[in-house]
Amino acid sequence: MCGIVGYIGNKEAYPILIKGLKRLEYRGYDSAGIALIDGNMTIFKKAGKVNDLETIVDPDKIAATIGIGHTRWATHGEPNDRNAHPHLSNSGDLAIIHNGIIENYSSIKEELTKRGYKFHSDTDTEVLVNLIEEVQKTEKTTLDNAVRIALNEVVGAYAIVILNLKNPDQLVAARKGSPLVIGIGDDEFYIASDASPIIEYTKNVVYLDDQEYAVINRDGNYSIRTLGNVEKSHEIQKLEFSLELIEKGGFEHFMLKEIYEQPKAIEDSLRGRMSASQGWIKLGGLNEYINRIDNADRFIITACGTSWHSSLIGEYLIEDLARIPVEVEYASEFRYRNPIIKETDVVIAISQSGETADTLAAIDLAKDRQALIYGICNVIGSSIARASHAGSYTHAGPEIGVASTKAFSTQISIITLIALQIAVVKGTIPTSKFREILYELENISSKIEETLALDAQIKEIAAIYKDATNFLYLGRGYNFPVALEGALKLKEISYIHAEGYPAAEMKHGPIALIDENMPVVFLATNKSAYDKIVSNVQEVKARKGRIIAVVHKGDTQIRALADHIIEVPETEEILSPLITIVPLQLLAYHIAIMRGCNVDQPRNLAKSVTVE
Ligand code: G6P
């Protein structure tokens with residue numbers, strides 16, 4: 001939710017900020033803006049994307065070596081020029097960029113208004129910068145101290161960076177609940193919501209913790225303190241990914257690149273964690289708490305969006321293989337509904353970004369109740385990863401397309417390993433079955449490659465249904481969460497209304513929607529419920545629905561009924577989501593492209609939702 005970037009050093013700030021904003025645009029693209037100091041404070045901001053911002057700037061006229069930039073996902077106030085960040089304080093000395101929400105902004109605004117402050121936007125951010133200015137004036141103190149005092153009065157979440165006209169050799173940054181990373185170059189510093197704007201310049205970074213602020217000086221020094229005014233020293237960490245990974249690498253869109261990266265991403269997520277020939281699984285995070293995990297009374301898996309769908313697959317896997325009861329919870333519901341959480345529960349939080357506010361809050365709640373927290377995150381060093389007692393990274397590499405693809409499949413790989421490792425310790429599956437699944441897992445990437453080769457055929461199907469106004473996705477067992485995820489992919493990027501349903505549940509409502517205009521995507525690879533699915537296909541056929549069926553190679557029964565079949569390689573049923581999701585991702589992608597949609601930046605969405 002909102003991307004922020006800052007630079008101080010010897011280079012020209014403008015190109016660094018613009019490039020950084022483009023890399024962070026996945027976090028929000030309602031408006032973009034920058035502030036630079038080159039003698040004066042100069043602000044450019046505009047509703048729309050970073051490209052729109054570029055149209056109002058003449059880079060030749062700017063020579064600033066300090067600046068900040070923001071790409072917005074609107075919370076307070078419409079996405080227009082006026083509400084775009086950076087926001088200036090009343091004196092014009094301070095410019096701020098902010099990712100998050102100041103919950104008590106209206107009482108602060110009231111107080112500041114009484115003291116004569118004027119507001120030019122509807123944002124909570126403008127209130128914050130003026131509060132900082134007011135503290136600085138009344139306390140007659142330095143900017144960083146004023147930031148510290150002001151933030152102690154604020155309720156909410158923020159990552160902020162402030163530019164001060166009176167001190168063009170310093171940036172002040174702070175965080176609580178929204179991510180912030182400082183890149184350390186040679187006598188220069190970068191600040192950003194994530195490492196993607198930094199990696200091109202330096203691999204050395206420091207992650208700010210919650211309730212900390214940093215003072216970053218042009219002379220090459222920086223310091224970090226808590227909001228309680230205690231000095232902190234953080235170890236400098238090395239970024240592990242390369243620039244290549246955050247570029248499109250010949251693909252037209254990040255989403256397509258990331259769909260195609262799935263075989264490799266899954267291999268990366270499994271590497272060093274299992275061996276089929278030797279018959280072992282070793283998940284570092286799991287080992288540390290293995291007794292508590294094996295003896296858990298219950299698992300609760302909490303997440304949002306696509307990660308919630310992989311959680312559902314996790315429920316099926318853990319109950320099926322490890323025979324431990326599992327509940328899956330939308331993080332946003334879980335945190336507010338006074339759930340029963342016991343010390344003997346293990347709470348698994350799944351999140352690509354590791355920054356989703358609701359998931360983080362759900363973790364805090366479960367931690368308060370003494371449950372063990374196991375995080376499955378993709379972004380290394382992210383807030384959820386750090387808030388968890390233990391966990392496993394998915395190692396999918398940076399996912400930039402807003403619609404999640406490779407993160408989903410690697411989350412499933414990790415949770416499969418977790419379920420299998422517990423199962424083998426508890427003896428809930430025979431060793432022979434354990435080995436068979438491991439071999440199949442080792443082989444799954446090549447089967448995904450085979451499935452990706454169906455792309456041209458899927459594109460043809462997309463061309464036929466691109467103008468549909470509704471879609472239904474149906475699956476049973478392990479394919480039910482895949483149906484949900486397939487429907488979500490289509491909704492997110494093509495704006496076609498789509499619903500995922502358990503295939504058998506269709507007759508309790510959605511069947512009323514079926515007519516000759518309704519495309520129905522069936523996931524029909526389950527051996528265990530094949531006949532039942534065939535009956536469901538018949539039911540749709542009888543009502544003239546248009547059937548697109550994902551089946552195993554060589555299927556004959558459904559071929560005879562369906563309008564289109566997509567034949568995928570056979571695998572263990574418990575691993576089938578890793579394969580059946582691929583045609584659905586491609587179908588959504590092609591339909592969205594044919595409808596002229598921006599697949600990497602769908603309207604109204606953001607990749608990392610750091611607000612409630
Ligand atoms: C947003 C994204 C989704 C994602 C969800 C959860 O809504 O657009 O793609 O699944 O957040 O994000 P997380 O980073 O926690 O997996």
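This chain uses plain numbering: 1 for the first residue, then up along the sequence. Counting starts at 1 for both ligands and their atoms, in listed order.
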Test Glu247 against Lys257 for salt bridge (charged side-chain N to carboxylate O under 4.0 Å, His left out), laying out the working first.
CA-CA 9 Å; Glu247 293 188 330; Lys257 173 181 176 241; over 6 Å; no
Identity and distance of the protein heavy atom lying nearest atom 11 (O) of ligand 1:
Lys607 O, 3.8 Å
Can you find an N or O of Gln411 that's nearer than 3.5 Å to an N or O of ligand 1?
no
If you measure only the distance, is there a donor-acceptor pair under 3.5 Å linking the side chains of Ser382 and Tyr207?
no
Using a strict 4.0 Å cut-off to heavy atoms of Gly305, name the atoms of ligand 1 that fall inside it.
10 (O)
Ring-ring centroid check Tyr473 Tyr501, cutoff 6.0 Å:
no
Using heavy atoms and a threshold below 4.0 Å, how should the contact between Glu355 and ligand 1 be classified: side chain, backbone, both, or neither?
neither
Protein heavy atom at shortest distance from atom 10 (O) of ligand 1
Thr306 N, 2.9 Å
Indicate the ring-plane relationship of Tyr289 and His389, choosing parallel, tilted or perpendicular according to the 30° and 60° boundaries.
tilted
Under 4.0 Å from one or more heavy atoms of Ser351, ligand 1 contributes atoms 13 (P), 14 (O), 15 (O), 16 (O)
Minimum-distance protein heavy atom relative to atom 6 (C) of ligand 1:
Cys304 O, 3.4 Å
What are the two closest non-hydrogen atoms of Tyr29 and Leu605, and how far apart are they?
OH-O, 3.2 Å
Nearest-neighbour protein heavy atom for atom 7 (O) of ligand 1, which is reported as residue plus atom name and distance:
Val609 CG2, 3.8 Å
Would you mind checking which non-hydrogen protein atom is closest to atom 16 (O) of ligand 1, with the distance to 0.1 Å?
Ser307 OG, 2.5 Å
When you measure from the centre of the six-membered ring of Tyr589, is the NZ or CZ of Lys489 closer than 6.0 Å and no more than 45° off the axis?
no
Between Asp320 and Tyr478, a side-chain donor and acceptor under 3.5 Å:
yes
To the nearest 0.1 Å, how far is atom 15 (O) of ligand 1 from its closest protein heavy atom, and which atom is that?
Thr356 OG1, 2.4 Å
Just by distance, with hydrogens left out, do Thr306 and Glu485 show a side-chain donor and acceptor under 3.5 Å apart?
yes
If the cut-off is 4.0 Å to any non-hydrogen atom of Val402, which atoms of ligand 1 fall inside it?
8 (O), 9 (O)
Does the N or O separation between Ser353 and ligand 1 drop below 3.5 Å for any pair?
yes
Return yes when Leu605 approaches ligand 1 closer than 4.0 angstrom through a heavy atom, no otherwise.
no
Looking at Gly177 and Asp210, what are the two nearest heavy atoms and their distance?
N-OD1, 2.6 Å
Taking atom 8 (O) of ligand 1 as the reference point, the nearest protein heavy atom with its distance
Ala606 O, 3.0 Å
